[in-house]
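The block underneath contains the structure these notes are about, expressed in structure tokens.
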Amino acid sequence: MKQIRGKKRAGALAAYILLAVVIALSCSLSSCRDAQAFEHGTTDKKVTEDMVNNKPPADYQIDQSVRGDAKDGEYNKYFLKDGLQTVSIDIEENNLNYLLQNADKKPTVMTKSVTIGDKTLGYTGLKTKGSYTLEHAFKDNPGSDRFSFTVNFGKFIKKKNGYSNRQNFYGCNKISFNNLFFDKSMMKEYIAMELMSEMGVPTPQHGLARLYINGAYYGVYFMVEALDSSILEQYLGVKDKKISSYLTKPENTTLEYDDAMDRFQKEDGTYDLSSVLKKDAEGNYKALDELEDQAPLWEEDPDTLQDVAEMLPTVLAWQKKLTQLSKGKDFEGKDIDVNSEKYVDLLEQIMDVDEALRYFATHSWLVQIDDMFVEQHNLGVYVGEDGRSMMMPWDYDLSFGCYYPSAAETTANMHVDLMYKKNEVAFHVARKGEVTLDYRRFPFFQVIYQNKSLMERYHQYMKDCSKIAALGGTTSSGRTYTPGRFSACIEKMEGPLVKAASEILADNVYYLHGANQPGDMQYALPNLKKIIALRALGVLMQVDGMDVVVSGGGCNLESLGNAIYGMSSSMGRLGTIDEDTGIYSIAQYSGSQPPSLNIRELEEGESVYQKMAKALGGQGADRKMYAMSNSGTVKGNYTLYIPVEKEKAESMPSVYSYTDKGGLEKLDVVKEGESYKVTTGSLDYIAVIHGEAGNVPEKESLPVWILPAGGGVLLAAAVVVIVMVRRRNR
């Protein structure tokens, strides 16, 4: 027993010694982490600030051929729309390692040069960027320096430093490179910004890029113009001197006016802040007392305060008027009918109303919940010297329902008026009306939400988003879009993306958040195409007042990152859509498998194409035929909606259905909006014919054809073929 006890004591002692060693090693590693050596950077050596070179050569001259006015939009072409831009940063090793080792503190260091495409600028500023993603990229990913970065072209080359001008890139001052931390598809934010731009919102230029630093490949990045006056110069078509200095991303504020600032308001409504906004010995502004509490208005950042200080009296006057209107008061504090013309006239005095409507409609369509309503950030606000505001988009990497762990069906059916998830209940609220929305704390949207006519226009703009993204048709602005626009865009970009994501990364870099590229991206892109189409249909159903749930069948939102697979409805009145053609169907389902509509265009050489063309007759030179499959068990008939082609908008087609029992059956066609609507008991084959179809018999037997589909076999009885024959030229 004594021997056993002795062994136990020896074992215990050994355990204590081992524990002490572990603690010592842990402390040692902790101190290494504190020093940031070994975890980030290209060297084991700790680089200190005094080792950084941020002084350009005395003889450096700005390349005036690369300077310009942003309003001319010369730099737009460097944000490629059909491929990835190549961006190379050349930087002293000490500068790079100081930046990487202290990435979480966002220091700015000087580069030797930055090359974008075929243009090179010397001695730009380079800093890390981000908040949550930067924190996790730094703390949770030792060994990877794939941070997000911002290049500031004029940080060190400016008049203050003795140069004739501030260096810029054809008028662009800063470009950010986002590391796609939450986006395995690599295209979510790109599509979101494309939609904002198409909707007429002042939007940063954007694209995708391959980023190299000192010749080492850091991977695929989302390349985006920083939120800066250059965006507004293009949008408004003016030079920078006509843009006010107040363009910020307010943090931790709902923009409600603070009554404590009333004591600084003069009788004429302007503000005198001289007692609380003072310059220190170095000439920098400092906010005191009540004004210091308004720090969210300048992003709680002392440097931003220097930029916007002179605009703060105007901003406070704007903020008070905005809050008054949101509470149903005019600018004198008297009650006002929020649905009156006077109310809208007053709102126009402090806001570009139509621009705000377009912004919020698009924002809601994109289901980006990591926003100004939930976290009180990711909103660009501009206030001009005339006291009128505009809203600008920023940070859409968590769009399409990927902020909360949402599923495809939740995202597709998200309430069109819902900007945040109250108690995380958002599913089917459009159909059941179970959520009461309250925006009284958010005056920037409340002023719109409480006015019926403005909300009608807001809903129309949401419908426009659906047309642009997937459905096709003519928007409120008069522009016409083809169906499946974003699906085609994604398909076009997939090849270059796969190639770029397959390139070998630098030794100090790997894709973050568990991404395994290019495989994850290749799996995600078809699901991104699908969720765009499902959201387009979900919005259309709500705006048009249809009691339909859009099934999430065929879409795994989890593949995009930060979402879940989730269950999809397989019973009830359900809608489903094909992402490439914009064709959708509605039917009553009862079964265990959710519906998913998929269509491909047939080629002339295929036997089914030839058989259908012969059976349908006619001499149309241009025919389009599609093979369609739809899962799920249907009770009764399908209602099928086929987009109207612009050039055929004035004609009514003949539509035939072919059943697996044989024969063609003519269907009744109704034009609803920009779709042809037909009701059919079968989706085996559908033919849509414009002009003369020839002598088509009431019933003509066709054989059942077997087609390859997804590596298996698809019976033609489960295939829909849609034939679209263009009218003969007159």
Kindly write out the residues that satisfy side chain to side chain donor-acceptor pair (under 3.5 Å) with D386, not counting sequence neighbours, or none if the list is empty.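 Partners of D386 by the side chain to side chain donor-acceptor pair (under 3.5 Å) criterion come out as none, since no residue qualifies.
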Minimal non-hydrogen separation, H206 against F222, with atom names: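 Taking every non-hydrogen atom into account, CB-CZ, 3.6 Å.
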Looking at every heavy atom in both P107 and L99, which two are closest together, and how far apart are they? O-CD1, 3.3 Å
Quick test of your reading of the model: are [X] and [Y] salt-bridged, counting only N-O distances below 4.0 Å?
X	Y	answer
D397	K188	no
D69	K239	yes
D354	R358	yes
D240	K71	no

Please answer whether the main-chain N or O of [Y] pairs with a side-chain N or O of [X] as donor and acceptor at a distance below 3.5 Å.
X	Y	result
K286	K279	no
E299	P250	no
D90	V114	no

Does a side chain donor of either N53 or E92 reach within less than 3.5 Å of an acceptor in the other side chain?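 Note: N53 and E92 side chains meet the donor-acceptor criterion.
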Exercise: do T254 and R441 side chains pair donor with acceptor under 3.5 Å: no
Give a yes or no on whether the ring-centroid distance for [X] and [Y] is below 6.0 angstrom.
X	Y	answer
F156	Y123	no
F373	F444	yes
F264	Y271	no
F177	Y218	no

Show the atom names and distances, to 0.1 Å, of all donor-acceptor pairs under 3.5 Å that link a side chain in residues 378-385 to residues at least two apart or in another chain.
unit_1, atom_1, unit_2, atom_2, d
N378, ND2, D370, O, 2.9
N378, ND2, D370, OD2, 3.4
Y382, OH, S244, N, 3.1

